[in-house]
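Okay, structure first, notes after.
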Protein chains: 2
Amino acid sequence: MNDSIALISRIRENANKLIVKYLNTNGIEGLVPSHGDILAFLISKKQCTMNELAQSIHRTKATTTVLVDKLEKFGFLERQKSVNDSRVTFLTLTEKGQNFKPIFEKISKDLIDKLYQGFTNDEIIAANKLLKKMLKNIE
Amino acid sequence: MNDSIALISRIRENANKLIVKYLNTNGIEGLVPSHGDILAFLISKKQCTMNELAQSIHRTKATTTVLVDKLEKFGFLERQKSVNDSRVTFLTLTEKGQNFKPIFEKISKDLIDKLYQGFTNDEIIAANKLLKKMLKNIE
DNA sequence: GCAGAATAGTTAGATATCTAACAACACGCT
DNA sequence: AGCGTGTTGTTAGATATCTAACTATTCTGC
């Protein structure tokens with residue numbers, strides 16, 4: 001519907017496909033970028049509530065429930081009820097989930113390398129500055 | 001999963017929400033950006049096959065069928081079987097669909113204005129150049 | 001202590017999107 | 001003409017994602 005937006009959409013869709021491809025290459029099938037976002041967040045945060053998680057990955061609580069269900073089923077994370085507030089559920093990575101860290105780092109690097117192939121360092125900085133400015137405009 | 005990709009994802013998601021909002025504001029409810037892409041393509045192309053359409057909006061044939069079903073149901077476009085090849089279906093806008101043109105133009109303008117608010121002309125040109133370069137890298 | 005409001009996470013339903021399979025059709029070669 | 005291959009658009013099933021509604025729980029003010 002609009003050239004810039006169309007470009008951005010195409011980049012994102014291709015990036016998502018690439019992420020899924022990299023995940024598969026590293027032996028992780030059936031996951032999508034949002035799953036990756038969750039695992040990445042838990043790698044850095046160690047433990048969080050469903051609410052925190054939903055906010056961090058910019059998804060609704062309902063979507064987060066489904067995403068977490070699958071990760072729990074695959075054995076990447078665990079749920080624990082809070083002892084202070086029984087509405088609250090904490091999430092932590094299992095050992096299997098923690099083993100995701102090196103894979104996550106590799107995929108991130110490969111993705112960036114591919115996205116910015118042929119860019120100078122100045123161009124990379126400029127691109128990110130412009131993207132941040134766009135996002136701020138459209139929030 | 002990656003800062004630049006995350007930025008791009010956020011921009012795209014916010015842009016899509018804005019498109020839907022603008023569509024609603026202009027009296028068109030129940031449509032999503034892909035519907036808009038279809039109408040825009042038919043505004044410029046007048047008539048096309050399902051295959052051409054699917055390729056132009058970067059969606060699979062299956063998805064395109066569902067999208068077109070809805071637009072046909074809403075009265076924006078019509079299907080006609082080809083007389084030369086009975087597998088082929090041509091799509092054309094109805095009068096209601098053609099009335100979408102000014103709305104489409106307005107939405108496009110509003111969206112760009114918002115995305116590039118506060119940008120110099122050089123920055124806009126630079127942003128698009130960088131985005132094209134990224135897309136080429138990641139295709 | 002109680003009532004009303006707010007909150008956390010889940011459930012149900014709808015939808016855009018994909019893959020895979022399919023039926024009908026067209027094409028090219030023998 | 002017949003056969004094998006390729007093509008078109010649809011159908012079926014799965015899934016991430018949303019909204020809305022919900023239950024159970026917690027919080028706040030009286």
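To find a chain, count down the sequence lines: A is the first, B the second, and so on, and within it residues start at 1.
- Annotation: of the two residues near DNA chain C, B:His35 and A:Phe90, the 5′-most nearest-nucleotide partner is A:Phe90.
- Side-chain nitrogen and oxygen atoms of A:Lys70 include at least one within less than 4.0 Å of the OP1 or OP2 phosphate oxygen of D:dA16.
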(Q) Walk me through whether A:Ile112 and B:Ile5 qualify under side chain to side chain contact (heavy atoms under 4.5 Å, CB included). (A) CA-CA 9 Å; A:Ile112 277 285; B:Ile5 301 290; 5.9 Å; no
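- One can place CG of B:Asn16 at 13 Å from C1' of C:dT17, the figure rounded to the nearest angstrom.
- Two residues are said to be in side-chain contact when any heavy atoms from C-beta on lie closer than 4.5 Å; A:Phe104 and A:Asn26 fail this criterion.
- Atom CD in B:Glu29 sits roughly 18 Å away from atom P in C:dA14 (whole-Å rounding).
- At whole-Å resolution of the value, CD1 in B:Ile57 and P in D:dG9 are 13 Å apart.
- Surrounding NZ of A:Lys106 are at most 12 heavy atoms belonging to other residues, nucleotides or ligands under 6.0 Å away.
- Taking CG of B:Asn16 as the start and OG of B:Ser34 as the end, the distance is 8.0 Å to the nearest 0.5 Å.
- Taking 3.5 Å as the limit, the base of C:dT7 and the side chain of A:Arg87 contain a donor-acceptor pair of atoms between them.
- Comparing A:His58 and B:Asp69 against DNA chain D, the residue whose closest nucleotide sits nearer the 5' end is B:Asp69.
- When heavy atoms are screened at a 4.0 angstrom cut-off, B:Thr89 is found touching the sugar-phosphate backbone but no base atom.
- Of all heavy-atom pairs between B:Leu131 and A:Ile11, the closest is O-CD1, 3.5 Å.
- Distance from the side chain of A:Ser34 is smallest for D:dT17 among the nucleotides D:dT17, C:dG9, C:dA12.
- Contact check, B:Thr65 against D:dG9: no side-chain N or O comes under 4.0 Å of OP1 or OP2.
- A:Ile19 places its CD1 atom 15 Å from the P atom of D:dA16, with the value rounded to the nearest Å.
- The residue A:Val88 sits close only to the backbone: its heavy atoms come under 4.0 Å of sugar-phosphate atoms, none of a base.
- Of the candidate nucleotides D:dT17, D:dA20, D:dT10, D:dT10 has the atom lying nearest to any side-chain atom of B:Lys61.
- Applying the salt bridge (charged side-chain N to carboxylate O under 4.0 Å, His left out) test to pairs two or more places apart or on separate chains, those with a residue in residues 124-139 of chain B are A:Glu123-B:Lys133.
- Residue B:Lys17 contributes atom NZ, which lies 7 Å from atom P of D:dC18 at whole-angstrom precision.
- At the phosphate of D:dA16, neither OP1 nor OP2 sits under 4.0 Å from any side-chain N or O atom of A:Thr63.
- The phosphate of D:dC18 has OP1 or OP2 within less than 4.0 Å of a side-chain N or O from A:Thr60.
- Contacts of B:Asn84 with the nucleic acid, taken as non-hydrogen atoms under 4.0 Å apart, involve only primed sugar atoms and P, OP1 or OP2.
- The CZ-C1' distance, from B:Arg12 to C:dA16, rounds to 10 Å in whole Å.
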Let me have the donor-acceptor pairs involving side chains of residues 75-82 of chain A, under 3.5 Å, with sequence neighbours excluded, atom names and distances please.
from, atom 1, to, atom 2, distance (Å)
A:Arg79, NH1, A:Asp69, OD1, 3.0
A:Arg79, NH1, A:Glu72, OE1, 2.7
A:Arg79, NH2, A:Asp69, OD1, 2.9
A:Gln80, NE2, A:Thr92, OG1, 3.3
A:Lys81, NZ, A:Ser86, O, 3.1
A:Ser82, OG, A:Asn84, N, 3.1
A:Ser82, OG, A:Asp85, N, 3.2

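- Checking A:Glu13 against A:Lys81, the closest nucleotide of DNA chain C that is more toward the 5' end is the one next to A:Lys81.
- The phosphate of C:dA8 (OP1 or OP2) has no side-chain N or O of A:Arg79 nearer than 4.0 angstrom.
- As judged by a 4.0 angstrom heavy-atom cut-off over every strand, A:Thr64 is placed among residues making no nucleic acid contact.
- Looking at which nucleotide of DNA chain D each of A:Val32 and A:Val83 is closest to, the 5′-most match is held by A:Val32.
- Taking atom CD of A:Gln80 as the reference point, atom P of C:dG9 lies 13 Å away to the nearest angstrom.
- Between B:Ser86 and C:dA24 there is no side-chain polar atom (N or O) within less than 4.0 angstrom of OP1 or OP2.
- Counting heavy atoms from C-beta outward, A:Asn137 and B:Leu115 have side chains that stay 4.5 Å or more apart.
- Rounded to whole Å, the distance from CG on A:Asp85 to C1' on C:dA8 is 7 Å.
- Within residues 41-53 of chain A, no residue places a heavy atom under 4.0 Å from DNA chain D.
- For the pair A:Asp110 and A:Lys114, the salt-bridge criterion is not met [side-chain N within less than 4.0 Å of a carboxylate O].
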